[in-house]
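Read the numbers this way: they start at 1 and go in the same order the structure lists the ligands and their atoms. Every heavy atom of this structure was used, including side-chain atoms; hydrogens, water molecules and symmetry mates were not.
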Amino acid sequence: MLMLDDQTRAALWPHVTETIEKYLTEIETARAAPLLDVETIRSTLAVCDFAKPVNALEAVDFVSGQLWEHLVHNGHPRYFGLFNPAATTMGIVADALVAAFNPQLAAWSHSPFPIEVENHLLRAFGQRFGYDPAKMDGTFCSGGSEANHTALLTALTNAFPEFNEGGARALSAQPVFYISSQGHHSFLKAAKMSGIGTEAVREIPLAESLRMDLAKLSEQIAADKSAGFYPLMIVGTAGATSTGVVDPLIELAEIAEAEKMWFHVDAAWGGGAAFVPLLREAALTGIELADSITFDAHKWLSAPMGAGVYLTRHSEILKQTFGVATGYMPRDAAGLDVIDPYTHSIQWSRRFIGLKVFMSLLVAGWDGYAEVIGKQIELGDRLRQGLAESGWRIVNRTPLPVICFVDEKNSSADFIEAVVSTILRSGEAWISVARIGQQATPVIRAGITSYRTTEKEVDGLVELLNRTRQQVLSNNT
Ligand SMILES: *Cc1c(COP(=O)(O)O)cnc(C)c1O
């Protein structure tokens with residue numbers, strides 16, 4: 001029952017690959033944004049009572065049909081969204097191989113090849129960011145949220161030897177950390193999970209550039225010190241989710257160094273800029289000064305979901321943070337110069353996350369990625385220009401392809417919401433409303449995300465926005 005018979009499998013595998021191939025080649029015919037029809041989905045599922053076995057091929061057809069209907073298709077060429085990828089072909093292959101071989105990456109002796117693949121990749125990424133590959137460490141994670149959680153735990157362990165055993169309640173002073181108000185919400189969860197609480201998160205206002213305001217940061221640090229708090233860490237965001245803006249990394253590194261704080265760079269999406277030399281310089285200079293870095297291969301590298309990376313130039317800190325011993329852990333690798341990943345990670349049983357990244361990179365090469373990322377930068381510039389020529393005002397400045405804008409004449413919240421919701425209802429493209437700055441002003445946000453997006457879709461988006469603007473304005477009069 002669990003391993004299907006030879007005949008069924010012989011029919012099943014080609015059916016699955018045909019289903020995938022159809023999706024990859026015909027995705028453009030789907031709506032980019034789904035209708036949000038909760039009742040239909042629930043009543044479809046209500047029939048699945050698991051009382052009678054379903055034919056395997058029918059099960060594949062049922063699920064793929066539902067996925068076609070009820071999904072934002074991230075891989076769609078008109079998905080101008082958050083940083084969710086159109087999965088690489090090799091990533092799809094790798095995820096199937098991983099499911100089939102199903103390696104367990106907790107202990108080195110159980111998965112020697114997979115673990116060495118991941119170590120090899122971590123060092124290759126570290127080097128791209130400017131770390132010395134011989135003096136660094138890292139771990140693959142479920143995603144950027146886990147990597148950011150890992151960063152906070154390593155910063156705490158580094159600052160407070162008593163944190164490991166005594167926990168947050170044993171600390172001599174309440175630690176606080178600093179992040180721009182445009183930083184990622186995963187740090188709020190990390191603060192809860194580490195036991196220091198969300199009041200420890202100091203959200204620093206933005207300067208006019210939408211980067212963290214350095215003067216406000218210094219004021220807050222001084223105020224915290226005189227009130228008896230312990231300034232623990234500065235988080236620089238390299239590619240904010242809403243605006244794509246990069247905080248001033250070099251200046252943040254200097255402040256962190258002067259105050260003996262941990263400096264973490266959250267480059268979950270923007271880290272992809274490290275793969276294009278000129279772009280690395282324009283966007284990421286200073287990232288090499290970070291004590292730790294978050295990077296998501298499931299964003300700009302287009303690996304299928306769930307490929308986060310945490311990197312650090314402190315080669316001992318992960319072990320100090322996560323090292324534990326258990327009676328049942330395998331010891332067969334004792335004496336070898338290897339690391340058991342579970343002693344360096346939040347996770348124990350762990351999927352072979354790195355393979356989809358490794359196989360994608362093997363086949364595309366650095367140059368293949370540089371070409372795709374470079375092209376997306378160009379498309380971002382083209383979109384900016386097309387919007388500016390059509391009476392839209394760009395409100396963010398970044399070398400990365402995220403464009404936030406409002407209509408020059410109608411920037412009211414209602415108008416912005418109406419334009420975006422009209423486009424989503426049409427299914428013609430996926431864009432979103434972002435709220436930025438101290439007033440959380442709503443703006444329209446469009447990011448170049450899918451490697452399928454070309455000039456045609458970018459020009460089409462400008463045209464769609466212009467058309468929708470007219471429609472919304474005439475509905476209002
Ligand atoms: C996506 C993102 C995260 C969260 O990463 P997940 O992989 O979604 O958990 C954190 N920070 C930034 C800047 C991001 O873009």
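- Using cut-offs of 30° and 60° for the angle between ring planes, the F275 and F295 rings count as tilted.
- Looking only at side-chain heavy atoms (C-beta outward), W366 and L361 come within less than 4.5 Å of each other.
- The existence of a salt bridge linking K319 and D137 is excluded, since no basic side-chain nitrogen approaches an acidic carboxylate oxygen closer than 4.0 Å.
- Two residues are said to be in side-chain contact when any heavy atoms from C-beta on lie closer than 4.5 Å; R78 and T453 fail this criterion.
- Listed by first and then second residue, the ring-ring contact (aromatic ring centres under 6.0 Å, His included) pairs involving residues 78-100 are Y79-W430, F83-W269 (not counting sequence neighbours).
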List the steps and the verdict of side chain to side chain donor-acceptor pair (under 3.5 Å) for T312 and H314. CA-CA 5 Å; T312 176; H314 299 263; 4.9 Å; no

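- Taking a heavy-atom cut-off of under 4.0 Å, ligand 1 is surrounded by F83, G143, G144, S145, N148, H184, G239, T241, D266, A268, D296, H298, K299.
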